[in-house]
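Atoms within each ligand, like the ligands themselves, are counted from 1 in listed order.
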Amino acid sequence: MQLLLFGAPGVGKGTQAKLLADEFRIPHVSTGDLLRTAVAKGTKLGRKAKAVMDAGKLVPDDVMIGLVRDVLSSPVASKGFILDGFPRTLNQAQALAQMFEELGIPDYRVLNIEVSSEEIIRRLSSRLMCRNDGKIYSTETDGVTAGSPCPDCGGELYQRDDDKPETVRHRLEVYCNQTSPVLKFYEDLGVELTVNGMDTVENIHRNINRLLQSAEMR
Ligand code: AP5
Ligand code: MG
């Protein structure tokens, strides 16, 4: 299965992607996670990307397209993938269409998750991530606090630098101006599915599976 998760910051792409990747035993390819790993390792890409991410802006298209091309053309992605956070511009969407053609991937779906702006702000201000395994938690629903150990692996839970309120506002603007037009591209191709993200994690997961079933993707 080749599935793209689409939606504004904080709608729950990472949360749902991890569940689907576990269920279908295919890799979760998150461009945000790839960049955060590069930042943590202090690579050349990481050093360049950090300032852009902390400002809530987009990393240049050519860098992102190269990064995604490397992963999707590698053996790890040969049995399918959940792509989360890419494409975010029309340029990226066109480059991905070309990549799919080159890799012989005719059948894929784009799952759009919809959540209100108020709920997005609430979710991002209460999100914590594990520094070790990248698991996503919420101080509101998971009973965790910054600095406490990850319930799964014991790693340190931290707040992402780009989850500060001013940066969140800017990320939402970037989404509206540069990313939301990409949805029309996929609607026109007839591959878009939309799920209501204003529900519990479990119900959303169930509804995604129903949508995938009716689209004959599982
Ligand atoms: P990225 O890491 O992709 O960030 P994002 O798109 O802003 O999305 P988030 O990860 O913030 O949210 P999410 O939808 O995954 O929500 P989550 O599941 O965590 O990108 C970061 C940066 O990298 C970008 O700003 C950019 O600079 C750069 N970048 C990445 N890709 C790029 C690209 N293609 N081009 C250019 N630049 C790129 O959930 C959020 C919170 O809500 C969590 O606390 C979670 O526990 C909670 N939650 C989830 N679901 C529910 C629910 N149903 N009910 C209640 N709480 C919930
Ligand atoms: Mg995410």
Side-chain angles (χ1 to χ4, degrees), residues 4-21 28-39 45-46 48-69 71-72 82-93 95-96 111-116 118-130 134-146 150-151 157-164 167-176 178-180 182 195-208:
L4 278 54
L5 292 199
F6 189 87
V11 295
K13 300 183 295 294
T15 303
Q16 294 298 331
K18 285 181 201 306
L19 293 174
L20 291 165
H28 168 208
V29 181
S30 155
T31 47
D33 286 351
L34 290 173
L35 292 170
R36 280 184 287 279
T37 301
V39 171
L45 165 67
K48 274 196 192 157
K50 177 151 178 48
V52 180
M53 292 169 81
D54 286 354
K57 295 183 178 157
L58 294 183
V59 172
D61 283 343
D62 56 337
V63 175
M64 296 312 301
I65 291 165
L67 197 63
V68 169
R69 186 187 297 278
V71 182
L72 296 194
I82 312 279
L83 184 56
D84 158 14
F86 187 96
R88 275 169 136 100
T89 63
L90 276 173
N91 256 340
Q92 292 181 12
L96 188 64
L111 182 77
N112 171 41
I113 307 180
E114 283 187 342
V115 169
S116 73
E118 299 76 37
E119 175 68 9
I120 285 176
I121 289 166
R122 193 170 25 247
R123 287 188 190 177
L124 291 183
S125 57
S126 55
R127 172 170 57 191
L128 295 178
M129 277 187 97
C130 174
K135 286 232 169 62
I136 303 162
Y137 296 95
S138 163
T139 54
E140 287 202 354
T141 54
D142 298 321
V144 291
T145 52
C150 169
L157 297 185
Y158 76 105
Q159 183 180 41
R160 272 171 45 180
D161 285 338
D162 60 350
D163 279 347
K164 301 200 170 78
T167 317
V168 167
R169 269 194 297 277
H170 191 67
R171 283 163 62 203
L172 288 171
E173 271 169 36
V174 167
Y175 174 79
C176 272
Q178 299 185 55
T179 306
S180 63
V182 174
V195 69
N196 175 13
M198 301 284 286
D199 205 336
T200 62
V201 170
E202 296 72 25
N203 284 347
I204 297 166
H205 179 65
R206 202 169 306 125
N207 290 334
I208 290 174

Using distance alone, decide if ligand 1 has a nitrogen or oxygen within less than 3.5 Å of any nitrogen or oxygen in [X].
X	result
I136	no
D163	no
G14	yes
G85	yes
S126	no
G12	yes
D84	no

At a 4.0 Å cut-off, with the gap strictly under it, does some heavy atom of [X] reach an atom of ligand 1?
X	answer
T141	no
V115	no
E140	no
R36	yes
G56	no

Quiz prompt | R88 side chain to Q178 backbone, donor-acceptor under 3.5 Å | solution = no

Taking non-hydrogen atoms only, is [X] closer than 4.0 angstrom to ligand 1 via side chain, backbone, both or neither?
X	result
R171	side chain
R160	side chain
Y175	neither
D199	backbone
M64	side chain

Practice problem: Give the single entry among R123, H170, K50 that approaches atom 52 (C) of ligand 1 most closely by any heavy atom. | Solution: R123

Exercise. Identify which of L35, T31, V59 has a heavy atom lying nearest to atom 29 (N) of ligand 1.
Key: L35

Which ligand 1 atoms does [X] reach within 4.0 Å, using its non-hydrogen atoms?
X	value
T200	53 (N)
Q92	33 (C), 34 (N), 35 (N), 36 (C)
Y137	43 (C), 44 (O), 46 (O)

Exercise. Can you pull out the closest protein heavy atom to atom 26 (C) of ligand 1? Residue, atom name and distance to 0.1 Å, please.
Key: K57 O, 3.4 Å

Self-check item: Spacing of K164 atom NZ and D54 atom CG [to the nearest 0.5 Å]
Solution: 7.0 Å

